Amino acid sequence: MPIRLSSLFLRTLREDPADAEVDSHKLLLRAGYIRRAAAGIYTWLPLGLAVKAKIEAIVREEMAAAGAQEVFFPALLPRDAYEVTGRWTEYGDNLFRLQDRRKNDYLLAPTHEEMFTLLVKDLYSSYKDLPVCLYQIQNKYRDEARARGGLLRGREFVMKDAYSFDIDDEGLKKSYQAQRDAYERIFKRLGVEYVIVKADAGAMGGSASEEFLSPSPIGEDTFVRSPGGYAANVEAVKTPAPEARSIEGLPAAEVRDTPNSSTIATLVEAAGITAADTLKNVVLALVSPEGKRSLVMVGIPGDREVDTKRAEAAFSPNEVEQATEEDFKKYPELVKGYIGPKAGGFEGIKYYVDPRVVTGTSWVTGANVLGKHVFGLVYGRDFEADGIKDIAEVRAGDPAPDGSGPLELARGIEIGHVFQLGRKYAEALDLKVLDENGKLVTVTMGSYGIGITRLVAVLAEANRDEKGLIWPDAVSPADVYIVAAGKEEENYAAAEKIAYEFEAEGKTVILDDRPKVSPGVKFGDAELIGVPYVIICGRGIANNEVDFWNRRTGERRTVPLNLVALQL
RNA sequence: CGGGAUGUGGCGCAAUUUGGUAGCGCACCUGUUUUGGGAACAGGGGGCUGCAGGUUCAAAUCCUGUCAUCCCGACCA
């Protein structure tokens with residue numbers, strides 16, 4: 001049955017809603033695909049549901065092709081499982097927690113690793129059962145500090161999450177590759193542009209991890225790419241360390257007076273050096289998931305700032321904050337503006353350096369005395385660190401870690417994430433199977449996610465013009481949109497007839513059969529709603545002709561009634 | 001979490017400064033005319049002005065508190 005606009009639950013809006021900023025959000029609201037129910041929480045109207053269902057269908061087909069089987073977990077979960085893996089605490093404020101009438105703790109699942117792991121543990125116990133890959137398409141709940149962009153970052157959203165279970169690392173690699181390939185097929189079929197970037201595994205644990213980003217200026221993720229094909233999330237960019245140099249013959253370190261030079265800028269000005277010659281020692285406060293606060297110090301080249309996201313990744317699962325006046329009061333040896341590495345270190349403060357700080361490099365840095373800096377301080381001779389932390393900002397022009405050329409920075413929206421979880425969850429939840437020798441071995445896992453509702457926003461954002469949406473064929477709420485224009489009965493009858501002919505061929509149709517609605521309104525709504533192919537049954541009907549309108553190219557041409565079907 | 005802005009029929013806004021019966025456009029309903037780019041005329045329905053308290057003869061408007069929403073930022077030592 002065609003979808004009839006005369007009875008469809010739809011009201012298009014002529015003006016942009018005041019609370020929408022992003023174009024895709026405005027259009028989805030105006031064209032009647034979604035309604036806001038609360039901050040970051042949306043109601044799906046018939047048209048929106050149709051687009052979402054199209055995306056889900058493609059995902060399901062490709063999951064099946066990759067050998068994954070669909071299951072469905074509750075979104076409402078008891079605390080236990082999340083307690084075992086530590087995530088009840090680790091997830092922090094982003095977790096929606098609630099209690100039942102008996103005061104038992106529950107949560108609305110932000111993701112389902114634990115449940116999948118426990119399900120496999122529940123039913124399987126032999127290597128013969130593996131590998132197995134399960135997935136679901138489910139609502140997820142995350143109490144985002146700041147929901148934004150409509151469907152782009154919601155507090156409730158739909159995600160396809162898949163998990164693979166293998167007996168060994170080799171199996172995991174295969175499962176991972178199968179999902180990765182499926183993702184490429186899915187995004188190609190959806191007609192969405194994507195870049196695969198190396199990602200930081202972060203709080204999820206595990207090793208290999210890649211993100212699928214859709215390049216977009218409104219993206220929240222910054223990624224880098226090189227002419228040679230390297231691509232990575234900024235959090236995951238590993239700064240290449242230069243070769244260690246000889247210490248032989250380097251001049252001895254010398255402390256000089258540098259009054260009123262508490263910032264890199266003033267120091268550079270006063271000493272006639274460049275910012276890159278200086279070593280800036282940044283004091284950061286780490287807050288552990290349990291809420292414990294401690295300080296660390298990181299030496300980075302003075303011409304760079306700390307990248308908070310990279311720092312968070314480097315010190316995960318701790319949160320990273322700037323050290324406050326309070327923090328400094330506890331460590332009077334730290335002279336703000338003149339902090340430098342100290343022999344033996346500061347009591348209770350670990351000292352890390354940037355990867356560029358290698359043996360034989362010489363630096364101008366704070367002397368830990370007000371108004372004094374030390375010049376020619378050589379790493380490996382005059383100071384040492386407790387380790388390397390790569391937390392300095394990445395800049396356009398920096399070399400790619402694999403030598404494939406200078407990096408360029410771009411923004412993207414994360415639409416998919418694949419990674420090799422390894423044994424973190426299997427170990428925590430004791431998922432083991434018997435191998436062929438009858439010995440218990442821990443299963444290794446992979447986890448693979450696609451943001452379904454986010455994809456609706458990404459596709460809308462990438463496929464629109466000033467008049468409205470223009471869906472890719474694969475996700476359009478209908479294959480063809482038929483407008484009955486004018487007041488003549490024959491126009492409506494013809495539109496009706498064509499609609500049923502398309503339906504008989506298996507095509508889906510939206511039919512604008514609204515009586516007493518002016519053509520201008522109908523054309524405007526057709527453009528707003530964004531089905532890529534529009535057929536207009538109007539004054540041409542008298543001559544057995546209709547107008548075929550390609551919404552994407554804007555091309556319109558008159559075709560004989562009996563050839564309409566050939567236009568699609 | 002920090003900063004900024006805003007809450008008035010379904011949507012977009014005005015009236016708030018200077019307290020005095022809550023208004024406009026869109027949408028909706030009825031009728032007549034109109035029908036290939038968001039029609040015209042006439043008539044009509046719909047709002048305890050986010051919520052709670054206070055001041056006042058009188059509060060959308062002033063005061064206090066509270067809730068919500070949107071945007072920006074997340075600390076450049």
Side-chain angles (χ1 to χ4, degrees), chain A residues 9-22 25-26 29-30 32 35-41 92-94 143-150 153 155 218 220 261-267 275 278-285 287 295 297-312 319-325 327-328 334-340 365-366 391-393 395 467-468 483-489 491-492 512 514-528 534-542 545-547 549 554 556 558:
Chain A
F9 186 66
L10 173 76
R11 176 111 303 137
T12 55
L13 307 176
R14 204 174 283 199
E15 285 166 295
D16 285 333
D19 57 3
E21 195 66 23
V22 175
H25 188 200
K26 288 179 188 167
L29 247 12
R30 280 186 52 206
R35 299 293 303 163
R36 195 185 71 87
I41 302 176
D93 289 337
N94 267 17
D143 193 0
E144 296 287 348
R146 188 173 157 219
R148 70 185 90 190
R153 174 170 297 275
R155 297 194 295 166
I218 59 163
E220 294 183 288
S261 299
S262 64
T263 69
I264 297 295
T266 51
L267 175 64
T278 67
L279 186 66
K280 176 161 69 179
N281 291 287
V282 178
V283 180
L284 300 171
V287 182
L295 295 189
M297 195 166 119
V298 186
I300 62 173
D303 60 335
R304 290 185 189 252
E305 303 303 339
V306 169
D307 182 314
T308 316
K309 280 188 175 169
R310 280 164 64 74
E312 293 268 356
E319 299 218 342
V320 178
E321 294 175 13
Q322 184 192 14
T324 61
E325 289 300 331
D327 292 321
F328 277 104
L334 296 175
V335 187
K336 271 188 94 171
Y338 300 92
I339 298 170
T365 189
I391 66 166
E393 64 183 329
R395 287 202 296 237
K467 300 222 168 126
V483 176
K487 59 180 172 180
E488 293 76 16
E489 273 304 315
N491 300 356
Y492 287 80
D512 191 348
R514 290 175 293 180
K516 295 185 181 175
V517 172
S518 75
V521 170
K522 290 184 173 179
F523 296 152
D525 280 344
E527 284 166 320
L528 188 57
V534 181
I535 289 167
I536 302 161
C537 298
R539 56 192 173 203
I541 290 297
E545 285 174 347
V546 296
D547 284 353
W549 178 15
R556 277 200 209 203
T558 304

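The chains referred to below are lettered A, B, ... by the order of the sequence lines, with proteins before strands, and numbering in each begins at 1. Quick caveat: nothing in here was measured; it's all calculated off a predicted structure.
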Heavy atoms under 4.0 Å, any strand shown: does [X] hit a base, just sugar-phosphate, or nothing?
X	result
A/Asn281	nothing
A/Glu527	base
A/Gly540	base
A/Val283	base
A/Leu284	base

Starting at atom [atom1] of [X], determine the distance to atom [atom2] of [N], rounded to an integer number of angstrom.
X	N	atom1	atom2	answer
A/Arg310	B/rA74	CZ	C1'	18 Å
A/Arg304	B/rA77	CZ	P	15 Å
A/Asp16	B/rC13	CG	P	10 Å
A/Arg14	B/rC24	CZ	P	19 Å
A/Arg36	B/rC11	CZ	C1'	14 Å
A/Leu267	B/rA77	CG	P	12 Å
A/Glu21	B/rG73	CD	P	12 Å
A/His25	B/rC11	NE2	P	14 Å

If you only use heavy atoms from C-beta on, which nucleotide in [options] is closest to the side chain of [X]?
X	options	answer
A/Asp547	B/rG12, B/rG36, B/rA77	B/rG36
A/Phe523	B/rG12, B/rG36, B/rC26	B/rG36
A/Val282	B/rC71, B/rA77, B/rG36	B/rA77
A/Val521	B/rC70, B/rC71, B/rG38	B/rG38
A/Asp525	B/rC75, B/rG25, B/rG38	B/rG38
A/Glu15	B/rC70, B/rC11, B/rG38	B/rC11

Are the side chain of [X] and the backbone of [Y] linked by a donor-acceptor contact shorter than 3.5 Å?
X	Y	answer
A/Asn491	A/Ala484	no
A/Asp547	A/Ile536	no
A/Thr365	A/Gly340	no

field: Min side-chain heavy-atom separation A/Val298-A/Val306 under 4.5 Å
entry: no
State, with a plain yes or no, whether a side-chain heavy atom of A/Asp512 is found less than 4.5 Å away from one of A/Val517.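 Side chain of A/Asp512 against side chain of A/Val517, heavy atoms only: no contact under 4.5 Å found.
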Distance between the [atom1] atoms of [N] and [M], in whole angstroms?
N	M	atom1	value
B/rA39	B/rG4	C1'	43 Å
B/rU66	B/rU30	P	48 Å
B/rC48	B/rU33	P	37 Å
B/rC13	B/rA74	P	28 Å
B/rA15	B/rG7	C1'	15 Å
B/rG19	B/rC71	P	35 Å
B/rU21	B/rU49	P	14 Å
B/rG46	B/rA14	P	25 Å

Short side-chain N/O contact to B/rG10 OP1/OP2 from A/Arg11, under 4.0 Å:
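It does not, given that no N or O in the side chain of A/Arg11 lies less than 4.0 Å from OP1 or OP2 of B/rG10.
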Could you tell me which residues satisfy ring pair (Phe, Tyr, Trp, His ring centres under 6.0 Å) with A/Tyr338, sequence neighbours excluded, listed by chain and number?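 A/Tyr338 satisfies ring pair (Phe, Tyr, Trp, His ring centres under 6.0 Å) with A/His373 once adjacent residues are dropped.
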What residues form a side-chain contact (heavy atoms from CB on, under 4.5 Å) with A/Glu220, not counting sequence neighbours?
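So A/Glu220 forms a side-chain contact (heavy atoms from CB on, under 4.5 Å) with A/Arg148, A/Arg153.
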side-chain contact (heavy atoms from CB on, under 4.5 Å) filter on A/Ala38, not counting sequence neighbours, yields A/Ile41
Output a table of nitrogen or oxygen pairs between the protein and nucleotides 32-35 of chain B separated by less than 3.5 Å.
unit_1 : atom_1 : unit_2   : atom_2 : d
B/rU35 : OP2    : A/Lys487 : NZ     : 3.0

**Prompt:** Any salt bridge between A/Lys309 and A/Asp307, counting N to O under 4.0 Å?
**Reply:** no
Salt bridge check: are A/Lys280 and A/Glu305 linked by an N-O gap of less than 4.0 Å?
->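 Salt bridge flag = yes for A/Glu305 with A/Lys280.
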Per nearest nucleotide of RNA chain B, the residue lying toward the 5' end, A/Lys336 or A/Thr12, is A/Thr12
Contacts of A/Gly150 and A/Lys522 projected onto RNA chain B by closest heavy atom; the upstream (5') one is A/Lys522
Dot-bracket for RNA chain B, 5' to 3', Watson-Crick and G-U pairs with both distances under 3.5 Å, [ ] for crossing pairs, | for partner on another strand, reads (((((((..((((......[..)))).((((((.....)))))).....(((((..]....))))))))))))....
- Take atom CG of A/Asp93 as the centre, draw a 6.0 Å sphere, and report whether it contains more than 12 heavy atoms from other residues, nucleotides or ligands.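 No, CG of A/Asp93 has 12 or fewer neighbouring heavy atoms, counting only those of other groups under 6.0 Å.
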Extract all donor-acceptor atom pairs below 3.5 Å that involve side chains of residues 10-18 of chain A and protein atoms in other chains or at least two apart in sequence.
unit_1  : atom_1 : unit_2   : atom_2 : d
A/Thr12 : OG1    : A/Asp525 : OD1    : 2.9

